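I have placed the structure first, in the form of structure tokens, so that the comments after it can refer back to it.
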Amino acid sequence: MQSGTAYLQDGFWVIKPDQQQNLEHIVTLNEGKLQGIPVDFEFVDPRKARPRQRRLFFALLGDISFWSGTPVNWLKEYFYNQYMIKTAGKEISLADSTENTVSDAKNLIDIVIDFIFDFRVPVKRGFELLPRDEEYFQYKCLLNRQCIICGKHADVHHIDEIGMGRNRNTVDHTKHHLMALCRVHHTEYHQIGPIAFSNRYHVSTAGIRLNADALKKIGVKGNYENNSINTPF
């Protein structure tokens, strides 16, 4: 991944790479165009990795260990190695003396979250500590139809209501914010309202938007033919 600097200029984000780019190669890949090139740019939180991230990481490892019978220390080294592979050799540690950042720790935890959802690992202690305001966790819950509150099978809840009488199969759902809630918590959300629900479960009720491919994957039918929304998930 190419690093660089981003700044606002005249109301637009300008991205300046740290290294000189081969513009001819970029133009070739972008069908002869230089403007409007899609980029993947990550904003890094430079603060030192937080103790709560360490607690979450080891709580999730504890749940995986209980499920699999694999020692926690072995799992720690396994996920550290997975992080190194993903980051092309960058090392990570969550020890008190670590030099790794909040963003580094978040990326490590995301790898663990992927593992938990991919292998359907039943989590208990770790689930209670998961950052439910984090978009990536909300995305994984939606993609796997697991309730963001309890982990049980979930409905796809529309935060911004579609409206009575409309055919959901003709709606462009990429324009709506979604949340994964089981029937019990879905009903409770409507009974007590979003503010009380958020206060009770310490969860964001803003929801996230999914792109057309993700919506089709989880079986949400709709009209996506004229979709031009670029969503991160």
Side-chain angles (χ1 to χ4, degrees), residues 49-86 92-95 102-159 177-192 194 197-208 210 213-220 232-233:
R50 319 309 290 174
R52 62 181 178 80
Q53 292 179 302
R54 175 183 170 84
R55 290 196 299 272
L56 171 59
F57 176 69
F58 280 101
L60 293 173
L61 295 195
D63 287 330
I64 296 173
S65 176
F66 183 80
W67 166 75
S68 66
T70 307
V72 169
N73 283 340
W74 190 95
L75 290 169
K76 182 190 76 170
E77 294 304 320
Y78 170 79
F79 285 111
Y80 278 9
N81 286 333
Q82 291 300 305
Y83 176 88
M84 289 182 65
I85 293 171
K86 183 178 179 180
I92 189 167
S93 169
L94 296 186
V102 166
S103 293
D104 294 335
K106 177 185 176 300
N107 289 336
L108 173 66
I109 291 169
D110 284 348
I111 293 172
V112 181
I113 291 174
D114 279 337
F115 181 94
I116 285 171
F117 279 101
D118 289 346
F119 291 95
R120 301 286 181 178
V121 178
V123 293
K124 183 176 181 181
R125 180 165 174 256
F127 197 89
E128 297 171 355
L129 297 175
L130 279 166
R132 290 172 173 78
D133 289 350
E134 183 184 284
E135 286 191 347
Y136 186 69
F137 176 60
Q138 294 200 34
Y139 162 72
K140 294 296 288 190
C141 283
L142 281 165
L143 200 63
N144 291 273
R145 301 292 287 263
Q146 288 187 220
C147 179
I148 195 172
I149 305 301
C150 66
K152 294 181 180 178
H153 180 74
D155 299 326
V156 177
H157 166 56
H158 285 73
I159 301 297
H177 290 78
L178 310 173
M179 189 175 183
L181 294 173
C182 69
R183 292 292 174 88
V184 172
H185 287 112
H186 196 169
T187 300
E188 183 181 15
Y189 177 96
H190 288 292
Q191 288 176 339
I192 67 177
F197 191 87
S198 177
N199 291 336
R200 175 173 294 180
Y201 294 107
H202 307 289
V203 59
S204 168
T205 55
I208 63 171
L210 297 180
D213 289 340
L215 287 162
K216 292 174 184 177
K217 187 173 182 178
I218 62 176
V220 178
F233 302 117

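In what follows, residues are counted from 1 in the order of the sequence shown. The structure displayed is predicted, hence computed values, not measured ones.
The structure places CG of N144 at 11.5 Å from CD1 of I116, a figure rounded to the nearest 0.5 Å. In this structure, CD1 in I192 is found 11.5 Å from OG1 in T187, a value given to the nearest 0.5 Å. The line from NZ of K76 to CD1 of I64 is 14.5 Å long, rounded to the nearest 0.5 Å. To the nearest 0.5 Å, the span separating OG on S65 from CG on L60 amounts to 12.5 Å. Distance check: K86 NZ to I111 CD1 gives 5.0 Å after rounding to the nearest 0.5 Å. Put simply, OH on Y78 and OG1 on T70 are 10.5 Å apart, with the number rounded to the nearest 0.5 Å.
Under the 4.5 Å side-chain criterion, counting only non-hydrogen atoms from C-beta, I109 is not in contact with F137. In this structure the side chain of L94 never reaches within 4.5 angstrom of the side chain of R55, judged on heavy atoms. In this structure the side chain of F79 never reaches within 4.5 angstrom of the side chain of I92, judged on heavy atoms. Between L178 and V220, every side-chain heavy-atom pair lies at or beyond the 4.5 Å cut-off. Between Y80 and M84 there is no side-chain heavy-atom pair separated by less than 4.5 Å. Contact of the F197 side chain with the L181 side chain is registered, since non-hydrogen atoms from C-beta on lie closer than 4.5 Å. For the pair L143/F117, no side-chain contact is recorded, criterion being any heavy-atom separation below 4.5 Å from C-beta on. Between Q82 and L108 the shortest side-chain heavy-atom distance does not fall below 4.5 Å.
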Checking L210 against I218 for the side-chain contact (heavy atoms from CB on, under 4.5 Å) test, could you report, in this order, the C-alpha distance in whole Å, the side-chain angles of both residues, the deciding distance, and whether it holds? CA-CA 10 Å; L210 297 180; I218 62 176; 3.9 Å; yes
Stepwise side-chain contact (heavy atoms from CB on, under 4.5 Å) test for R54 and F58: CA-CA 6 Å; R54 175 183 170 84; F58 280 101; 3.6 Å; yes
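Shown here are the ring-ring contact (aromatic ring centres under 6.0 Å, His included) partners of F66, two or more places apart in sequence or in another chain: there are none. Listed by chain and residue number, Y201 satisfy the ring-ring contact (aromatic ring centres under 6.0 Å, His included) test with H185 (two or more places apart in sequence, or in another chain).
A salt bridge links D110 to K106: one of the charged nitrogens lies within less than 4.0 Å of a carboxylate oxygen.
Heavy atoms only, all atoms of each residue included: Q146 and A154 are closest at C-CB, 3.5 Å. Smallest separation of non-hydrogen atoms from Q138 and I148: CG-CD1, 3.5 Å. For V203 against S198, the heavy-atom pair with the smallest separation is O-OG, 2.7 Å. Across every non-hydrogen atom of A49 and A105, the tightest pair is CB-CB, 3.9 Å.
A ring pair (Phe, Tyr, Trp, His ring centres under 6.0 Å) with H186 holds for exactly one of H157, H153, H158; it is H157.
A donor atom on one side chain and an acceptor atom on the other are found under 3.5 Å apart for Y136 and D114.
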